[in-house]
Amino acid sequence: MERMTVSLCIIAYNEEKALGALLRQVEDQGYPHEKTELIFVDSGSEDSTKAQFETFAADHAQGYLAVRVLDNPKRNQAAGWNTAIREARGDVIIRVDAHAEIPADFIENNMKLIESGEYVCGGARPSIVDEPTPVKDMLFLAESSMFGSSAAGYRRQSKEKKYVDSLFHGAYRREVFEKVGGFNEDLGRTEDNELHYRIRKAGYKICQGSEVISYQHIRPDISSMMSQKYANGKWIGLTLGVCYQCLSGFHFVPFYFVLMLICSFLLFVSGFITGHFWMYLPFLILWGLYLCAAVLMTIAAIIQAPRKHPIQLLLPAVFFLLHVSYGWGTIIGLLKLPFWKAKLGHTAKEEIERVKECVRNNTNNQSSEVTE
């Protein structure tokens, strides 16, 4: 049986440090290069990201089905993916973040799932430490912990194939985009949740294979990770106004935690002022339960840590900062939601439809070429 063609798409903004290793991993892929199209999209980088893309394209112009470097002037991640999808010619479109690593069998294992009958697939995407330091190792433990991050299935490799609501670094038959369109460019951070909701609503299943895995680099410091969590939380709040169905209860746990902190603290202050000491109880109980959970999860994380450092004893504080950053971000997103939604036009829906049309035209062009 003739193998299907693949469009591997990478979107990047100022990723010069991570890109070199990822491009080498792209070159090492075991799937036939003559069946692989590479699409690199630069989102207005101010470093050498685009130059690295262009150098790779020039050096490998003859080895692949095609290698193209495109621009994403909107600089939005969703717009970058749409740029790639509109131009892709492969039977299957695979998306990979630039701040990631992929093993040599990444494309091959995805294609085995597709060729077995799946329409959308992917695998686990755990975090890794690129250049180990005590701080990065500590942040890795926080991100890897179910308490520090989430119970999302994509963060941990499964022993068997299963069907999920969403995943990272997905592989999609092109007909999926022909039917549901592209990414919603009004969204940031949650654009994949919304797309996968539409995909499921259209009747497709999203398969997470046990053999497929890719990796995401851990943030370099606590400030960067807090900024990431805050932005994630903010977009959860904003996304409620566009597609509340694509979110789950897990997304709002930090939000509820921060609300409980604020309310219990207000009760504590009121009790102090009025002399009603029973009003201290909600605050003390909440903090007591949280500290017990944080300490227990810290012990569990350190026991499993491949490298141990005294700084890892600060994990309870790190857990707290990440939870508060995410929860506070959701509060801000909800407060901004009415004003943000009032500014939305119809451009996102139009872009989704434009992706459908482009993919449909590309499919027709492929059919015409085969006939000729």
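Throughout, residue positions are numbered sequentially from 1 according to the sequence presented. Note that the structure is a prediction, hence the values are computed from the model and not measured.
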*Asks:* Using ring centroids (six-membered ring only for Trp), state whether Phe257 and Trp328 fall under 6.0 Å.
*Replies:* no

*Asks:* Which value, rounded to the nearest 0.5 Å, describes the distance between Arg200 atom CZ and Leu195 atom CG?
*Replies:* 10.0 Å

*Asks:* So, are Arg173 and Glu118 salt-bridged, with charged N and O less than 4.0 Å apart?
*Replies:* no

*Asks:* For the residue pair Tyr119 and Tyr204, categorise the inter-ring angle as parallel (less than 30°), tilted (30 to 60°) or perpendicular (more than 60°).
*Replies:* tilted

*Asks:* Is the Phe147 to Tyr290 ring centre distance short of 6.0 Å?
*Replies:* yes

*Asks:* I need the Ile93 CD1 to Ser7 OG distance, nearest 0.5 Å.
*Replies:* 5.5 Å

*Asks:* Just verifying a value: how many Å separate His323 NE2 and Leu261 CG, rounded to the nearest 0.5 Å?
*Replies:* 11.0 Å

*Asks:* Check Arg354 with Glu357, please: is the shortest side-chain N to carboxylate O separation under 4.0 Å?
*Replies:* no

*Asks:* Would the number of heavy atoms belonging to other residues, nucleotides or ligands and lying under 6.0 Å from NZ of Lys201 be above 12?
*Replies:* no

*Asks:* Using a cut-off of 6.0 Å, state whether more than 12 heavy atoms not belonging to Met260 lie near its atom CE.
*Replies:* no

*Asks:* May I have the step-by-step check of side-chain contact (heavy atoms from CB on, under 4.5 Å) for Val6 and Asp91, ending in yes or no?
*Replies:* CA-CA 6 Å; Val6 179; Asp91 300 315; over 6 Å; no

*Asks:* Sequence neighbours excluded, which residues qualify as side chain to side chain contact (heavy atoms under 4.5 Å, CB included) partners of Asp47?
*Replies:* Asn14, Glu16, Ser45, Thr49

*Asks:* For Phe56 and Phe40, take the angle between the two ring planes, folded into 0 to 90°, and tell me which bin it lands in: parallel under 30, tilted 30 to 60, perpendicular over 60.
*Replies:* perpendicular

*Asks:* Linking I/L/V/M/F/W/Y whenever any side-chain heavy atoms sit under 4.5 Å apart, do Leu322 and Val253 land together?
*Replies:* no

*Asks:* Kindly indicate whether the side chain of Ile94, heavy atoms from C-beta on, has any atom under 4.5 Å from the side chain of His169.
*Replies:* no

*Asks:* If I take atom CG from residue Leu19 and atom CD1 from residue Ile10, how far apart are they, to the nearest 0.5 angstrom?
*Replies:* 7.0 Å

*Asks:* Between Glu15 and His99, is the side-chain hydrogen bond (donor to acceptor under 3.5 Å, both in side chains) condition met? List the steps.
*Replies:* CA-CA 7 Å; Glu15 291 288 356; His99 206 64; 3.0 Å; yes

*Asks:* Strictly under 6.0 Å, is that where the ring centroids of Tyr280 and Phe277 end up?
*Replies:* yes

*Asks:* Does this structure show an ion pair linking Glu37 with Arg68, if we count only N-O contacts that are shorter than 4.0 Å?
*Replies:* yes

*Asks:* Could you check Glu185 against Asn82 for side-chain hydrogen bond (donor to acceptor under 3.5 Å, both in side chains), going step by step and ending with a plain yes or no?
*Replies:* CA-CA 9 Å; Glu185 295 184 11; Asn82 283 344; 2.9 Å; yes

*Asks:* Does the Gln25 side chain pair with the main chain of Ile102, one donor and one acceptor, at a distance under 3.5 Å?
*Replies:* yes

*Asks:* Who are the side chain to side chain donor-acceptor pair (under 3.5 Å) partners of Glu350, not counting sequence neighbours?
*Replies:* none

*Asks:* Please check: side-chain N/O of His196 versus main-chain N/O of Asp192, any donor-acceptor pairing under 3.5 Å?
*Replies:* yes

*Asks:* Given a cutoff of under 4.5 Å between side-chain heavy atoms of I, L, V, M, F, W and Y, with clusters grown through shared members, what are the other residues clustered with Ile352?
*Replies:* none

*Asks:* Before you tell me yes or no, could you show the steps for Glu2 and Lys35 under salt bridge (charged side-chain N to carboxylate O under 4.0 Å, His left out), namely the whole-Å CA-CA distance, both residues' side-chain angles and the distance that decides it to 0.1 Å?
*Replies:* CA-CA 10 Å; Glu2 185 176 357; Lys35 292 287 184 178; 2.7 Å; yes

*Asks:* Got a salt bridge between Asp71 and Lys50, using NZ or NE/NH1/NH2 to carboxylate O under 4.0 Å?
*Replies:* yes

*Asks:* Before accepting this row, confirm whether a basic side-chain N of the pair Arg86/Glu351 lies closer than 4.0 Å to the acidic partner's carboxylate O.
*Replies:* yes

*Asks:* For Ala88, does its backbone N or O pair with a side-chain atom of Asn362 as donor and acceptor, under 3.5 Å?
*Replies:* yes

*Asks:* Going by the rule side chain to side chain contact (heavy atoms under 4.5 Å, CB included), which residues pair with Lys336 if we only count those two or more places apart in sequence or in a different chain?
*Replies:* Leu238, Ile332

*Asks:* Out of curiosity, Asn109 CG to Ser214 OG, how far, rounded to the nearest 0.5 Å?
*Replies:* 11.5 Å

*Asks:* Mind listing the closest non-hydrogen atom pair of Asn184 and Ala348 along with its distance?
*Replies:* OD1-CB, 3.2 Å

*Asks:* Considering residues at least two apart in sequence or located in another chain, which fulfil the side chain to side chain contact (heavy atoms under 4.5 Å, CB included) criterion with Lys205?
*Replies:* Tyr163

*Asks:* Apply salt bridge (charged side-chain N to carboxylate O under 4.0 Å, His left out) to Glu143 and Lys229, showing your working.
*Replies:* CA-CA 11 Å; Glu143 188 74 359; Lys229 298 300 181 185; 3.1 Å; yes

*Asks:* Glu115: which residues meet the side chain to side chain donor-acceptor pair (under 3.5 Å) condition with it, sequence neighbours left out?
*Replies:* Arg3

*Asks:* Okay, side chain of Ser224, backbone of Pro220: is any donor-acceptor separation there less than 3.5 Å?
*Replies:* no

*Asks:* Quick check: does any side chain N or O of His251 sit under 3.5 Å from a backbone N or O of Ser248, one acting as donor and the other as acceptor?
*Replies:* yes

*Asks:* Checking Arg174 side chain against Gly90 main chain: does a donor-acceptor pair fall under 3.5 Å?
*Replies:* yes

*Asks:* Is any NZ, NE, NH1 or NH2 atom of the basic residue among Arg198 and Glu194 found under 4.0 Å from an Asp or Glu carboxylate oxygen of the other?
*Replies:* yes

*Asks:* Is the closest basic N to carboxylate O distance between Asp130 and Lys136 below 4.0 Å?
*Replies:* yes

*Asks:* Would you call the rings of His33 and Tyr64 parallel, tilted or perpendicular, where under 30° means parallel and over 60° means perpendicular?
*Replies:* parallel

*Asks:* Give a yes or no on whether Lys17 atom NZ has more than 12 heavy-atom contacts from other residues, nucleotides or ligands under 6.0 Å away.
*Replies:* no

*Asks:* To the nearest 0.5 angstrom, please state how far the CG atom of Leu267 sits from the CG atom of Leu284.
*Replies:* 11.5 Å

*Asks:* Consider ring-ring contact (aromatic ring centres under 6.0 Å, His included). Of Phe283, Trp278, Trp287, which one does Phe268 pass it with?
*Replies:* Phe283

*Asks:* Give a yes or no on whether the backbone of Glu87 and the side-chain of Arg89 come within a donor-acceptor separation of less than 3.5 Å.
*Replies:* yes

